[in-house]
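The structure appears right after this line, and notes come after that.
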Amino acid sequence: MTLTEQMFESDKLNAVAVLVPLPVPAPYDYLVPEGMSLSRGDVVEVPLGSRHIMGIVWGPGRGDVDAAKLKSVAGVLSDTALPGVLCDFLAWLADYTLSQPGMVMGLALRSAAVFDAPKMRTLLRPGGTLPQRMTDARQRVMDVANDGFARTPGNLAKEAGVGTGVVKGLVETGTLLTTEVPEDAPFGTPDPDHPGPELSPDQAAVASELTASIKQQAYSATLIDGVTGSGKTEVYFEAVAEALRHDKQVLILVPEIALTIQFLDRFEARFGCRPAEWHSDLSHKERRRVWRGIANGEAKVVVGARSALFLPFPDLGLIVVDEEHEKAFKQEDGVIYHGRDMAVVRAHLGDFPVVLATATPSLETLQNVELGRFARLHLGSRHGQAVMPEVAALDLRQDKLPPGEWLSGPLIAAVDETLARGEQSLLFLNRRGYAPLTVCNACGHRMMSPESSTWLVEHRYLDRLIDHVTGFWMPKPKLCPACAAEDTLAPCGPGVERVAEEVQSRWPKARLAVMSSDVINSPAEAEELINAMASGAIDILIGTQMVAKGHNFPGLTLVGVVDADLGLKGGDLRAAERTYQLLQQVAGRAGRAEKPGRVLVQTRQPDNPVIEALIHQDRDAFIKAELSAREDAHMPPYARLAAVVLSSLDGPLVEEIASALAYAAPNGKGVDVWGPSPAPYAIVRGRHRHRFLVRADRNVNIQAFLQAWITKIAIPGKVRLKVDIDPYSFL
Ligand code: ADP
């Protein structure tokens, strides 16, 4: 029982505070009708204005409204409640992110439909008696039914090749017996002792440390820091198995659920059944099934996106965060939080272990290891015969590219050789579309988005110019909008589609495919492409960051990085770190099976520390240099950051509020407030955006500082204020 539950139960007030999933700052009090007993986390129906709404009992009545004016709780759902620890977690999250508790509650109650009782369906079985009158049709039904499997009336009629009336008749005579079962398919039970692959001695050593931490059944945080292909997944599966042996539930958080098909197969191979899945693409029905399966403890292991943190696990005993360095764990809209960091908080509140796995740990995580907050387990070599690929730079200042081409002589030769050996190549460019910019050859006009301060990106497959910030698109015009010259709009720079065009014309016989979010529209399409690549049905794969995600392509021996310098520019705090992680991950796709791999990196800055670290495979030197640069600059992980973004359709008004806010900034010790300045995306969908960045020493309570600051100014309804604690996006 959590502290708050105890406080609540000792309170004898006949009113409760109920939090509704709406942007409200606090719970509202409601009277508890005679005979109803409520505790924290109970799901109740309450009147709000003219309607009824679902809410969560948050605690004892606050007493801030005269009891005579209170309305009563209308009803309580008897078969579901949020676990107290989940309520504690939500409250913690609201405080940390400075979000309204009602909004945070919305994360756990995204769909009220989860509370609907599951629909029932009728199944039929033979009852052991025969009807007085047996016809041919009836006999056919009984022949099918006698195999012992229960069937729906429709399926039974179909399999027997008769009308449903025949089946109905057999029910009426009592020959077939009906049972009502929930429509939802039951969850498989993962078997921790299902035989899995035999671990190497290194893997076994790491696995045994992990299982020891699970046996403790108390909070601990462990980083599995293992090179790509070292078998981190197999190793943390042992931790999952141990948690299952203790009859605990397990959550495995992954950055992009659409790309986890190979993962699901491996899970099934190790545990004998598929885990439950949780992500935004689930149908309503599936969402309800999984939510309830977790709430009643039937779903033991869930693989999910960050929002799975808010599922009502009654008995969670382990969270694994796979690819912990991934930016995709950061939620950027609504309640802004980092899934990895919140996983650690959730484990802490629930007093169970959390395991982070990656080949390229984030600096924040390495800092936590350094400070002794996280344990680190290391896997230094690839599993089995596989060795780490060789990495070399191709200096584009020497191997100059002809205009309109993107592959240098040595890279072309390497693809030739790889094709000749019947092996696969991967060309990586982290840029969607055909060309990032379209320029008029006559007047120099650049095609900008009318909706945001960005260039329009040409997409040839879709035949559009697209704004990647807002999604706005238009057909590519025939005439230049500025000078009206005809057919003068030319693409500038490459995207994956343009590289694919070059590959196609250079190797017309090769089987090529493009992997980017524009081509892949569903998990099924991702599965198809990944399977095609894994089975060797593709010779050359050209892709964006999507290809860098943990895939195992045994025949892939050459990785070519088309433009390694792309991510290095820009003032983003994490530009170097992120580029290093991405390039290291994509390099890690090469040579994962018996055949050795090589990685060729096209660059104009071969002595940039990121590229040097990659070539010399010296991660530690890079991390050390990057950490010391961060320390000198008083930046995370040595300090804390928060962004405050103001936006409004009314440009002058938002500017005025930004100045007022700047003027009101308190003089905090160990805190710097920078800004306001127009955001890099200064206008998005007509909204003018201004940003502040707040830097604070680690010992400063940045939330308290922000709260004291932003509440000094009355923000008009036309202006939106967004606070982002630990920002990852600076746009
Ligand atoms: P990582 O996550 O560290 O990149 P994976 O867990 O994906 O590595 O493992 C890389 C490949 O090696 C996978 O195909 C995996 O099935 C295989 N593998 C790893 N460990 C073993 C093992 N002990 N026995 C058999 N195959 C293994």
Side-chain angles (χ1 to χ4, degrees), residues 192-211 222-241 252-257 259-272 275 301 303 320-326 328-329 340 355-362 365 376-389 391 424 426 527 530-531 533-536 545-557 559 581-597 599 617 619:
D193 301 314
H194 189 87
E198 194 177 325
L199 298 186
S200 69
D202 277 3
Q203 292 175 335
V206 171
S208 96
E209 292 219 30
L210 276 183
T211 44
T222 308
L223 166 69
I224 310 179
D225 179 1
V227 298
T228 50
S230 57
K232 294 181 287 293
T233 316
E234 307 299 341
V235 168
Y236 74 63
F237 276 172
E238 292 315 302
V240 173
I252 303 175
L253 284 184
V254 292
E256 250 166 298
I257 193 90
L259 302 175
T260 54
I261 305 298
Q262 288 186 324
F263 175 91
L264 297 175
D265 290 345
R266 283 171 71 180
F267 186 93
E268 187 168 0
R270 172 64 185 81
F271 293 101
V301 181
V303 176
V320 177
V321 184
D322 201 359
E323 310 289 4
E324 69 87 24
H325 63 278
E326 277 280 352
F329 285 120
R340 173 202 58 218
V355 172
L356 315 180
T358 176
T360 52
S362 62
T365 293
R376 171 178 176 264
L377 300 173
H378 187 232
L379 288 168
S381 57
R382 285 192 157 174
H383 174 70
Q385 304 304 310
V387 291
M388 293 304 284
V391 188
Q424 294 170 297
L426 166 64
E527 177 175 15
I530 291 166
N531 286 344
M533 185 66 187
S535 68
Q545 45 85 25
M546 268 192 145
V547 298
K549 315 277 161 177
H551 314 296
N552 275 309
F553 299 136
L556 173 63
T557 55
V559 167
Q581 287 165 345
L582 187 57
L583 294 181
Q584 179 70 29
Q585 290 288 346
V586 78
R589 296 316 108 207
R592 286 169 73 93
E594 300 87 53
K595 297 172 208 140
V599 181
Q617 312 213 10
R619 185 186 89 186

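Just follow the structure's listing: the first ligand is 1, and inside any ligand the first atom is 1.
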Name of the residue among R340, Q581, H325 meeting side chain to side chain donor-acceptor pair (under 3.5 Å) with S362: R340
Residues in contact with ligand 1, criterion: heavy atom under 4.0 Å: P197, E198, L199, Q203, V227, T228, G229, S230, G231, K232, T233, E234, R266, H383, N552, R592
D225 bridged to R619 by N-O distance under 4.0 Å: yes
Contacts of A590 that satisfy side-chain contact (heavy atoms from CB on, under 4.5 Å) - sequence neighbours left out: P389, V559, V599
side-chain contact (heavy atoms from CB on, under 4.5 Å) partners for T211, two or more places apart: S208, E238, E242
Trace of the salt bridge (Lys or Arg N to Asp or Glu O under 4.0 Å) decision for R382 with D202: CA-CA 10 Å; R382 285 192 157 174; D202 277 3; over 6 Å; no
Residues in side chain to side chain donor-acceptor pair (under 3.5 Å) contact with E323, at least two apart in sequence or another chain: none
